[in-house]
*Asks:* 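For reference, the structure I am asking about is given below.
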Amino acid sequence: MSTNDSPEEPEGAGRPPEPPKAPEPQRAPESPRPPQSPGSSEPPEPPVQQPSQPSAPRPSQPSAPQPSQSARPGPSPEPSQPSEEAPGQPEETGRQRLAAGLWPPRVSRAQLIVALLLFVLGLGLAIQVRSNSDSSALRGARQEDLVRILDELDGRTKRLEDEKQQLEDQRKELENSSNQAEEARRQTVEKERQLGILAGTVAAQGPGITLKITDPTGQVQSDQLLDTLQELRAAGAEAIQINGVRIVAGSYFSDENGAVAIDGKKITQPYEFRVIGKPQDLEPALNIPGGVVQTLEKEQATVAVTRSAKIVVDALRAAKQPDYARSSS
């Protein structure tokens, strides 16, 4: 090989520079080939579809800018690739994808059954809570009111038990008596006497209390006396007389010209209650906190309660013949 042989010039030497071709978008760039030595006799490898490199630009003819090659071998920056999505289809946002996943709903049969069971369970709990809240009417009551109500319930329970025991004793006497007709007559007379006491047609006596109300300022009205009467009845009073007027189931109170009237009869102060009943139940019922005594004392009235082993209720009421009611026996 002669030393005068010059290396082959690349193809296109001496030709005018051609504009650079755009790189193919999908072909990966190849690493640059190492330069050939001047004394190599091997022919250069043909370029593999690589854009030819133009010679140095001449001053008279500008050339297109060439991409700068780094001295360190490596892949050249890839050109921006066009979007692979089809034109006319905009990209969906996250909210749109979420809405598309939620609607229309995709509900299975098992989910429907579970939802129905949960609805029935919630409805039952709501009904139960509402019924419990409606039945607890005493939740907001005061302590003294609760004590009074409890005492009244205890007294009523005791009276009902005594009445039940009396009826059972009467039944046993009728069953065991040799002369059932005479026993039945005796019990009828006793029953008539009891009904006469309740109706106010016969006098009565027994243990009880005396309640005296003095009202110097005239502030006590008929409604306060009626509350006192109701309190005594709830505590177990069996016969009551106020200032010579017998109190029965049909008695009523009214205010007439600054005075109090019972069943149309005016009474003057001091108002004296004669009550037959159990003193251990009657007096505490009047003196409970917030009860009758405290209410009357707020009206500047003076209240005195006295227990007694014998109270006489001798005011009577005429027996009234009913106009329409007749005995069914």
Side-chain angles (χ1 to χ4, degrees), residues 131-173 187-188 190-213 222-242 245-253 262-263 271-296 303-313 315 317:
S131 62
N132 291 338
S133 61
D134 293 341
S135 61
S136 57
L138 300 178
R139 182 174 299 175
R142 298 178 302 174
Q143 182 177 2
E144 52 269 17
D145 295 336
L146 295 176
V147 172
R148 178 177 57 84
I149 293 173
L150 182 60
D151 292 340
E152 293 177 1
L153 291 177
D154 292 341
R156 292 176 184 177
T157 303
K158 184 65 170 58
R159 291 193 299 272
L160 290 175
E161 290 178 353
D162 295 342
E163 185 178 356
K164 176 184 176 182
Q165 186 64 36
Q166 292 177 2
L167 293 175
E168 290 180 354
D169 294 341
Q170 291 177 4
R171 180 177 59 84
K172 291 179 180 180
E173 290 177 359
Q187 292 185 7
T188 302
E190 181 66 21
K191 194 68 174 178
E192 181 182 1
R193 186 183 64 83
Q194 294 175 1
L195 293 176
I197 293 175
L198 296 177
T201 57
V202 298
Q205 65 179 5
I209 63 171
T210 301
L211 171 65
K212 183 177 290 187
I213 302 173
S222 59
D223 55 346
Q224 295 170 338
L225 295 181
L226 179 60
D227 292 341
T228 304
L229 175 63
Q230 298 293 351
E231 193 72 33
L232 291 170
R233 282 178 171 174
E238 298 177 353
I240 303 175
Q241 175 181 320
I242 304 176
V245 179
R246 186 69 172 267
I247 304 299
V248 295
S251 297
Y252 63 92
F253 292 73
I262 303 176
D263 296 338
Y271 307 112
E272 184 179 9
F273 288 71
R274 295 183 184 179
V275 186
I276 296 177
K278 189 176 181 180
Q280 294 81 358
D281 294 339
L282 296 175
E283 184 179 4
L286 298 175
N287 291 318
I288 61 174
V292 172
V293 174
Q294 288 189 0
T295 302
L296 293 174
V303 182
V305 180
T306 305
R307 296 187 185 186
S308 178
K310 183 180 180 181
I311 298 293
V312 178
V313 176
R317 298 179 68 96

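Treat the numbers as computed from the prediction; the structure is a model and nothing was measured.
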*Asks:* Compare all side-chain heavy atoms of Lys158 with those of Asp281 and state whether any distance is below 4.5 angstrom.
*Replies:*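 A side-chain contact under 4.5 Å is absent here.
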
*Asks:* What are the two closest heavy atoms between Ile262 and Val245, and how far apart are they?
*Replies:*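 Heavy atoms of Ile262 and Val245 come nearest at CG2-CG1, 3.8 Å.
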
*Asks:* As a test of understanding, state which of Asp223, Asp263, Leu225 forms a side chain to side chain contact (heavy atoms under 4.5 Å, CB included) with Phe253.
*Replies:*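 The passing option is Leu225.
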
*Asks:* Test Glu168 against Arg171 for salt bridge (charged side-chain N to carboxylate O under 4.0 Å, His left out), laying out the working first.
*Replies:* CA-CA 5 Å; Glu168 290 180 354; Arg171 180 177 59 84; 5.6 Å; no

*Asks:* For Arg317 and Arg246, indicate whether the former's side chain and the latter's backbone hold a donor-acceptor pair under 3.5 Å.
*Replies:*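 Between the backbone of Arg246 and the side chain of Arg317 there is a qualifying donor-acceptor contact (under 3.5 Å).
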
*Asks:* Any heavy-atom pair between the side chains of Arg233 and Ile240 that's under 4.5 Å?
*Replies:*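 SC-SC contact between Ile240 and Arg233 confirmed.
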
*Asks:* Would you check if Ile213 and Gln224 make a side-chain contact, meaning some heavy-atom pair closer than 4.5 Å?
*Replies:*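 A side-chain contact under 4.5 Å is absent here.
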
*Asks:* Does the side chain of Thr201 reach to within under 4.5 Å of the side chain of Leu195, using non-hydrogen atoms?
*Replies:*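 When only atoms from C-beta onward are counted, Leu195 and Thr201 do not touch, as no gap falls below 4.5 Å.
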
*Asks:* Tell me, yes or no, whether the heavy-atom count around Glu192 atom CD, taken from other residues, nucleotides or ligands under 6.0 Å, exceeds 12.
*Replies:*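 Counting other residues, nucleotides and ligands, CD of Glu192 stays at 12 neighbours or fewer.
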
*Asks:* Rounded to the nearest 0.5 Å, how far does OG of Ser251 lie from CG of Leu229?
*Replies:*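 Going from CG on Leu229 over to OG on Ser251, the span is 7.5 Å.
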
*Asks:* To the nearest 0.5 Å, how far apart are NZ in Lys278 and CZ in Arg307?
*Replies:*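 Reported value, rounded in 0.5 Å steps: 10.5 Å.
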
*Asks:* For Arg156, give me all partners under salt bridge (charged side-chain N to carboxylate O under 4.0 Å, His left out), at least two apart in sequence or on another chain.
*Replies:*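 Listed in chain order: nothing, the list is empty.
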
*Asks:* What distance separates Gln280 CD from Ile209 CD1, expressed to the nearest 0.5 Å?
*Replies:*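 It is 11.0 Å, given to the nearest 0.5 Å.
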
*Asks:* Does a side-chain heavy-atom distance below 4.5 Å link Val275 with Ile311?
*Replies:*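 Answer no - side chains too far apart.
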
*Asks:* Which residues pass the salt bridge (charged side-chain N to carboxylate O under 4.0 Å, His left out) test with Asp227, not counting sequence neighbours?
*Replies:*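 With sequence neighbours excluded, Asp227 shows a salt bridge (charged side-chain N to carboxylate O under 4.0 Å, His left out) to no residue whatsoever.
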
*Asks:* Can you measure from CG (Asp162) to OG1 (Thr157) and round to the nearest 0.5 angstrom?
*Replies:*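 One gets 11.0 Å once the value is rounded to the nearest 0.5 Å.
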
*Asks:* Compare every heavy atom of Ser308 with every heavy atom of Pro279, then report the nearest pair and how far apart it is.
*Replies:*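 In terms of heavy atoms, the two residues are closest at CG-O, 4.3 Å.
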
*Asks:* Indicate the atoms forming the closest heavy-atom contact of Leu282 with Ala235, along with that distance.
*Replies:*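 Smallest interatomic distance, heavy atoms only, reads CD2-CB, 3.8 Å.
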
*Asks:* Looking at every heavy atom in both Ala204 and Ile197, which two are closest together, and how far apart are they?
*Replies:*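 Taking Ala204 first and Ile197 second, the nearest heavy atoms are CB-CG2, 4.0 Å.
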
*Asks:* If you compare all heavy atoms of Gly196 against all heavy atoms of Val202, which two are closest, and at what distance to 0.1 Å?
*Replies:*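 Heavy atoms only, the tightest pair is C-CG2, 3.3 Å.
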
*Asks:* Rounded to the nearest 0.5 Å, what's the gap from CD on Gln166 to CD on Gln187? Could you check?
*Replies:*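 Result: 11.0 Å between the selected atoms.
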
*Asks:* Do Asp169 and Gln165 have side-chain N/O donor and acceptor atoms under 3.5 Å apart?
*Replies:*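 The criterion, which ignores hydrogens and geometry beyond distance, is satisfied for Gln165 and Asp169.
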
*Asks:* Quick one: are Gln230 and Leu226 in side-chain contact, heavy atoms under 4.5 Å?
*Replies:*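 When only atoms from C-beta onward are counted, Leu226 and Gln230 do touch, with a gap below 4.5 Å.
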
*Asks:* Out of curiosity, Ile288 CD1 to Gln294 CD, how far, rounded to the nearest 0.5 Å?
*Replies:*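 The distance works out to 9.0 Å.
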
